[in-house]
Amino acid sequence: MSEYRREDTASWDAQEVRRAQEGRQSAPARHPQSHHTRRRRRNPVLGLGGYLLFVLLASAILAGVGWMLGSDFCAFNRGAMEKATVEVTAEDSVSTVAEKLHDAGLIKYKWFFKFYAGISHADRKIGIGTYELNTEMDYRALILGMHNSSGNLTAETVTVTIPEGYTVMQTIRLLAEKGVNTEANLLEAAKTANYDYSFIDNSSEDVTRLEGYLFPDTYEFYKNHNAKSALGKLIDAFADHFDEDAYADSKAKAMGYSVKDVVTIASLIEKETDGTDQANIASVIYNRLQNKGETVGLLQIDAALLYGLPDHTGALTNEDKAVDTPYNLYIHKGLPPTPIANPGSAALEAAMNPNETDYYFYALGTDGRHHFSRTLAEHNAFVGSSSYGG
């Protein structure tokens with residue numbers, strides 16, 4: 001066993017003390033000094049002011065927007081009243097109607113009108129038609145102004161083309177075939193419905209009172225369209241196409257013929273020819289009406305005779321020409337009591353401004369054209385020739 005030495009013990013103690021001191025120096029501090037950041041205190045008055053300013057600005061913006069939308073909705077600030085015509089067709093929707101109203105200057109905000117139209121079910125109220133609106137109408141009035149009792153934008157529609165020269169009865173049957181309404185209802189409306197035009201005799205209950213005034217064109221109707229309204233569309237179209245100013249400056253007016261006379265003459269022209277010779281046919285009619293030449297005022301038009309014989313079939317005979325009806329222009333001078341068909345624009349123009357000729361006769365040749373003659377002898381010579389196609 002080693003001898004215990006005091007010196008060794010002292011040396012070991014000194015080394016242990018040094019190690020302990022070195023350990024304390026290298027160990028991290030258990031309680032490092034903390035660093036505190038001082039917060040800046042906010043001014044509560046400034047915060048409240050900013051919030052109030054934001055609220056005021058937002059309120060002002062909303063109030064301004066609300067005023068603009070409300071003004072448009074209520075038709076405020078649109079200046080002097082102005083009228084506008086808006087047409088709604090079967091292809092339209094609430095969106096396209098809004099476009100048309102905007103283009104006509106009746107609304108400013110299309111999206112807002114569409115929003116209101118959606119919540120008010122405008123598609124169930126707006127119908128096909130042409131409407132007279134104005135800038136004093138608010139949104140509700142505009143929608144009601146485009147109301148059609150016959151149907152709406154969601155209703156089933158049908159397109160009908162009325163040929164030139166169709167009679168009232170042919171027109172009624174065609175409308176019935178297309179499902180516009182029943183023949184019975186349409187016939188009843190043709191006889192008894194009141195139409196606010198001076199050229200319609202509302203005191204009569206004869207279907208012929210509408211003859212000549214159902215303008216031939218292409219139309220859109222609702223299925224089961226109101227009968228009076230359906231016929232009214234055709235009458236409105238006649239009023240739109242008959243140029244009152246052109247009539248006032250026409251040869252017919254200068255010769256003393258009325259609007260009814262002109263429409264009646266146009267119907268005779270329409271039934272006699274669909275070619276480019278309408279103005280010459282018109283000249284023959286006027287020359288005969290002036291009681292000149294060998295015809296002594298007799299028009300002798302077969303189409304008028306047939307109108308007075310609605311059940312007639314086959315070729316006309318001399319016996320037919322002797323039947324006394326108001327439409328037999330072989331025995332009655334002058335014009336028939338009513339038009340015999342519904343003429344188109346070209347026939348109306350020819351009736352207003354006939355060519356100036358010396359013709360009193362015409363006949364259809366084998367070439368498909370009418371040949372005109374000044375005298376009965378010339379006419380008979382043509383009819384007896386191989387060129388006559390009658």
E132 with K83: basic N within carboxylate O range, under 4.0 Å:
no
Taking the cut-offs as 6.0 angstrom to the six-membered ring centre and 45 degrees off its axis, would you call K178 and F221 a cation-pi pair?
no
Angle class for the H370/Y362 ring planes (parallel below 30°, perpendicular above 60°, tilted otherwise)?
perpendicular
Within the side chain of T366, is there an N or O that forms a donor-acceptor pair under 3.5 Å with the backbone of Y388?
no
Closest non-hydrogen atom pair, N194 against K228
O-CE, 3.1 Å
So, applying ring pair (Phe, Tyr, Trp, His ring centres under 6.0 Å) with H241, which one of F215, Y247, Y213 is it?
F215
Between the side chains of S258 and D261, is a donor N or O closer than 3.5 angstrom to an acceptor N or O?
yes
Nearest 0.5 Å please: distance from the CG atom of L268 over to the CG atom of L335.
6.5 Å
Between K251 and E356, is the closest basic N to carboxylate O distance under 4.0 Å?
yes
Using side-chain contact (heavy atoms from CB on, under 4.5 Å) as the criterion, point out the one residue from V160, L231, N226 that pairs with V180.
V160
Donor + acceptor pair across side chains of H332, D324 (<3.5 Å):
yes
Crowded around D196 CG? As in, over 12 foreign heavy atoms under 6.0 Å?
no
Can you find a side-chain donor-acceptor pair between S203 and D201 that sits under 3.5 Å?
yes
E82 atom CD: more than 12 heavy-atom contacts under 6.0 Å:
no
Give a yes or no on whether the backbone of Y359 and the side-chain of N287 come within a donor-acceptor separation of less than 3.5 Å.
yes
